[in-house]
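Just below is one structure, and these are the notes that go with it.
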Amino acid sequence: LALEPFYGGAHKQWLDGFIRFSSHEIEVWSLPDCFWKWRMHGGALSFAERFLETRPKIELILASDFLDVATFKALSKTQIPIVTYFHE
C-alpha cells in the first residue's frame, strides 16, 4: 500500500514510475495535489480513517515524506511496517 497525500507533479511521476517498474502489487491511496500544507498535516487523518474502515490485508506501507507517519500510525493503530521515502 502506497500512501501519497500530494499526488501530483514530481510526486505522482515518482510513484507511478516506482509502480511501473516494481514486481510487487501496489495499491495507491492518494489525495489531490492542492493545499500542500494541509496535506502534510491532515493527510494522516484522512488515510487513518480509511485504513480503519477497510483494514487492508497488506504486508508493508510505503509513505511519502508528505505524510505525518507518527500521526497515521497512532490513529490507525497499525503494526504493519511503514517505509518512508523522501522525495525532495
Side-chain angles (χ1 to χ4, degrees):
L1 175 63
L3 303 179
E4 178 53 74
F6 195 80
Y7 192 59
H11 286 253
K12 182 180 186 311
Q13 290 175 344
W14 185 90
L15 187 53
D16 290 350
F18 181 79
I19 291 168
R20 184 173 41 251
F21 294 105
S22 175
S23 61
H24 302 282
E25 183 179 327
I26 302 170
E27 180 180 355
V28 176
W29 290 3
S30 63
L31 298 172
D33 62 336
C34 56
F35 311 113
W36 68 269
K37 288 182 182 180
W38 183 90
R39 298 289 184 240
M40 291 187 83
H41 298 289
L45 174 61
S46 298
F47 289 140
E49 287 176 341
R50 184 173 175 186
F51 190 89
L52 290 170
E53 290 171 2
T54 62
R55 294 288 182 187
K57 304 292 185 226
I58 56 174
E59 296 177 9
L60 180 81
I61 297 170
L62 176 65
S64 91
D65 57 347
F66 257 68
L67 182 69
D68 180 346
V69 173
T71 299
F72 170 78
K73 190 164 178 77
L75 293 174
S76 67
K77 301 177 178 135
T78 184
Q79 296 300 313
I80 297 167
I82 300 174
V83 174
T84 303
Y85 71 91
F86 291 82
H87 179 266
E88 298 169 2

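Environment of CH2 in Trp36: sparse, with no more than 12 heavy atoms of neighbouring residues, nucleotides or ligands closer than 6.0 Å.
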Extract all donor-acceptor atom pairs below 3.5 Å that involve side chains of residues 23-32 and protein atoms in other chains or at least two apart in sequence.
unit_1, atom_1, unit_2, atom_2, d
Glu27, OE2, Trp29, NE1, 3.0

Per-pair distances, 0.1 Å, donor-acceptor, side chain in residues 77-84, under 3.5 Å, sequence neighbours excluded:
unit_1, atom_1, unit_2, atom_2, d
Thr78, OG1, Ile80, N, 3.0

Solution key, residues 45-59 side-chain donor-acceptor pairs under 3.5 Å, sequence neighbours excluded:
unit_1, atom_1, unit_2, atom_2, d
Thr54, OG1, Arg50, O, 2.9

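Scanning for ring pair (Phe, Tyr, Trp, His ring centres under 6.0 Å) contacts around Phe35 gives an empty result, with sequence neighbours left out. Applying the side-chain contact (heavy atoms from CB on, under 4.5 Å) criterion to Asp33, with sequence neighbours excluded, gives Phe6.
Distance check: Ser76 OG to Leu3 CG gives 9.0 Å after rounding to the nearest 0.5 Å. A distance of 10.0 Å separates CZ of Phe66 from NE2 of His41, quoted to the nearest 0.5 Å.
Within the structure, side chain to side chain donor-acceptor pair (under 3.5 Å) contacts touching residues 65-75 (residues at least two apart or in different chains) are Asp68-Thr71. Within the structure, the salt bridge (Lys or Arg N to Asp or Glu O under 4.0 Å) test picks out the following pairs touching residues 10-21 (sequence neighbours left out): Lys12-Asp16.
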Task: Full working for side chain to side chain contact (heavy atoms under 4.5 Å, CB included) between Glu4 and Tyr85 - done: CA-CA 10 Å; Glu4 178 53 74; Tyr85 71 91; 2.9 Å; yes
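Residues Leu67 and Gly43 approach most closely at CD1-C, 3.9 Å, considering heavy atoms.
Under a hydrophobic-cluster definition in which Ile, Leu, Val, Met, Phe, Trp and Tyr are linked whenever side-chain heavy atoms come within less than 4.5 Å, directly or via other members, Trp14 and Ile19 are assigned to the same cluster. Both Leu1 and Phe72 sit in one connected hydrophobic cluster of ILVMFWY residues. Membership requires side-chain heavy atoms under 4.5 Å apart, directly or through other members.
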